[in-house]
Structures are given as structure tokens and as C-alpha cells.
Trainee: 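Okay, handing you the structure first.
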2 protein chains.
Amino acid sequence: MKNRIRIERAILNITQADLAERVSVTRQTINAIEAGKYSPTLALGMKIAREFEKTVDEVFELEEGD
Amino acid sequence: MKNRIRIERAILNITQADLAERVSVTRQTINAIEAGKYSPTLALGMKIAREFEKTVDEVFELEEGD
DNA sequence: AATTAATGTCAAGTATATTTTACCTTATAT
DNA sequence: ATATAAGGTAAAATATACTTGACATTAATT
């Protein structure tokens, strides 16, 4: 699962901790997802996309193994 | 997490087992998600939407508690 | 140079998604 | 009436997401 979280965060100029708070998870969770260590739940993915005012597909992209 | 899986399945005229096979999960998983018992992973949600040729947001809708 | 903010990471624990196996009900077909 | 297809459900096991707490590293600020 690839994602554009880092880029979208840069556009909004917010930190991982900021985003974490906005979507009600921990900073470590955002860090892991942003690094592609695992893919989030659908609910969290949708909340993240919503913060960026983007669709889920604009923020996340399926890869081979997913 | 609300969803329109039942409706989209009806449009494609496919069974829960059919959809399950297409997205590589078990029939019980589709049944549970369709019934709203839990929300899928982002990867699975995206695969389901893709089968319906819809966006994630057209198939799934966030609710209060999510 | 020193301090602070931001990010990276890790281990252990909890929560939840998914599988497996199995059975039950309802509708449809033979 | 009986068989078959489709859906509903449940318990136990496994996989994975997420939390908590802590520490290390890098970037930015003064």
C-alpha cells in the first residue's frame, strides 16, 4: 500500500502528531502507515483522506501484495 | 461503517461467495462486512470498490462511531 | 553549541479483522 | 418431497492494526 501522506501533510504544513490527533490515533500509527509498514483500516484511511480533502484513491494506492 | 455492497452485488448479479473469491477473502468475511459487523481493512475496501468499478466513497460511508 | 521540535523505531500488550469449521434457515429448482 | 444454492451465524484460532511507553536520531531554532 503506497500513500501520499507525507506530501499531503507538507501541503497542509502539519506534523505527524497533528494528523494523528485530528484522526484520533497515535503518532506512531501515522508514522507506521506513512512509512508503509502496514495498511490502515478503511475507517482510518477514509478519515486521513478527508483531512486532506482528497478521495481515498488520491491518497492511497494498492500494490501487488495487498 | 455503512456500505452498499448488497446493492452493488445485485447490480452485478453476483453472490457473496463470488465477491469473496474475486477479492480473495472468505464468504464469511464478505457477509460480516456487508452486514456492518466490522469495517474491512483499507486494502480490502479498495478491492471491493474496484470490483464494482466504484470509488471507495461510493461504496462505503463513515458513521459516527467509526 | 545547546535546546527543542519532529521523526524513526522497538517491544509488549490490547483490539479487531480474517480464517476455519460447522451448522441452520430460507428460497429455488428438480 | 427432496435436493441444491444462497445467505446467516457462531466459536476458536490466527493475523494484523493500534496503543503505550520509552529511547534514539535528525532537523530546526535560538
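Chain letters run A, B, ... following the sequence lines, proteins first and then strands; every chain starts at 1.
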Trainee: Would you say C/dT7 has OP1 or OP2 under 4.0 Å from some side-chain N or O of A/Thr15?
Mentor: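 Yes.
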
Trainee: Within this structure, what is the CD-CD1 distance for the pair A/Gln16 and A/Ile33, rounded to the nearest 0.5 Å?
Mentor: 10.5 Å

Trainee: CE of B/Met1 versus C1' of C/dA17: gap in Å, rounded?
Mentor: 13 Å

Trainee: With side chains defined as the heavy atoms from C-beta onward, is the minimum distance between B/Phe60 and B/Ser39 less than 4.5 Å?
Mentor: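 B/Phe60 does not reach B/Ser39 side chain to side chain.
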
Trainee: Provide, to the nearest angstrom, the distance between the CG atom belonging to A/Leu44 and the P atom belonging to D/dT16.
Mentor: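 So the CG-P distance, A/Leu44 to D/dT16, works out to 18 Å.
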
Trainee: In residues 6-14 of chain A, which residues come under 4.0 Å of DNA chain C by heavy atom?
Mentor: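 Result for residues 6-14 of chain A: A/Arg6, A/Arg9, sorted by number.
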
Trainee: What residue among A/Asn3, A/Val23, A/Val56 forms side-chain contact (heavy atoms from CB on, under 4.5 Å) with A/Ile48?
Mentor: A/Val23

Trainee: State plainly whether one hydrophobic cluster holds both A/Ile7 and A/Ile14, where clusters connect Ile, Leu, Val, Met, Phe, Trp and Tyr through side-chain heavy atoms under 4.5 angstrom apart.
Mentor: no

Trainee: To the closest 0.5 Å, what do you measure between CD1 (A/Ile5) and CD (A/Glu8)?
Mentor: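 Here the interatomic distance stands at 9.5 Å.
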
Trainee: Could you measure the distance from the CG atom of B/Leu62 to the CG atom of A/Leu42? Nearest 0.5 Å is fine.
Mentor: 7.0 Å

Trainee: Are there more than 12 heavy atoms of other residues, nucleotides or ligands under 6.0 Å from atom CD of A/Glu63?
Mentor: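 Yes - once you tally the heavy atoms of other residues, nucleotides and ligands closer than 6.0 Å, there are more than 12.
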
Trainee: Could you tell me the separation between the NZ atom of A/Lys54 and the CD1 atom of A/Ile11, rounded to the nearest 0.5 Å?
Mentor: 5.0 Å

Trainee: Could you name each residue pair satisfying salt bridge (Lys or Arg N to Asp or Glu O under 4.0 Å) that touches residues 28-45 of chain A, not counting sequence neighbours?
Mentor: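 Output for this query lists A/Arg6-A/Glu34, A/Arg9-A/Glu34.
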
Trainee: Between OG1 of B/Thr15 and CZ of B/Arg27, what distance do you get to the nearest 0.5 Å?
Mentor: 8.0 Å

Trainee: Would you compute the distance between atom CG of A/Asp57 and atom CG of B/Asp57 and round it to the nearest 0.5 angstrom?
Mentor: 7.5 Å

Trainee: Hey, which sits more toward the 5' end of DNA chain D by its nearest nucleotide, B/Thr41 or B/Gln16?
Mentor: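 In this pair, the answer is B/Gln16.
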
Trainee: Mind calculating the distance between CE (A/Met46) and P (D/dA17) to the nearest angstrom?
Mentor: 18 Å

Trainee: In whole angstroms, how far is the P atom of D/dA17 from the NZ atom of A/Lys47?
Mentor: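 Atom-to-atom, A/Lys47 to D/dA17, this comes out as 16 Å.
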
Trainee: At what angle, to 10 degrees, do the two end axes of the helix from C/dA1-D/dT30 to C/dT30-D/dA1 meet, given five pairs define each axis?
Mentor: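 About 40° separates the two local helix axes.
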
Trainee: Figure out the OH/P separation between B/Tyr38 and D/dA17, and round it to whole Å.
Mentor: 14 Å

Trainee: Given the rule in the side chain to side chain contact (heavy atoms under 4.5 Å, CB included) test, do A/Arg22 and A/Leu12 qualify, once you have shown the distances and angles that lead to the verdict?
Mentor: CA-CA 13 Å; A/Arg22 291 198 194 185; A/Leu12 287 192; 4.1 Å; yes

Trainee: Using a 6.0 Å cut-off, check whether atom CD of B/Glu58 has over 12 heavy atoms from anything other than its own residue.
Mentor: yes

Trainee: Backbone N or O of B/Ala43 within a donor-acceptor pair of the A/Asp66 side chain at under 3.5 Å?
Mentor: no

Trainee: Heavy-atom contacts under 4.0 Å between residues 53-66 of chain B and DNA chain C, which residues?
Mentor: none

Trainee: For B/Phe52 and B/Leu19: C-alpha separation, side-chain torsions, deciding distance, then whether side chain to side chain contact (heavy atoms under 4.5 Å, CB included) applies.
Mentor: CA-CA 10 Å; B/Phe52 296 147; B/Leu19 178 57; 3.9 Å; yes

Trainee: Taking only heavy atoms on the protein side, list every residue of residues 17-37 of chain A lying under 4.0 Å from any atom of DNA chain C, sorted numerically.
Mentor: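 Those residues are A/Arg27, A/Gln28, A/Asn31, A/Lys37.
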
Trainee: Is there any protein nitrogen or oxygen under 3.5 Å from a nitrogen or oxygen in nucleotides 27-30 of chain D, and what are the pairs?
Mentor:
none

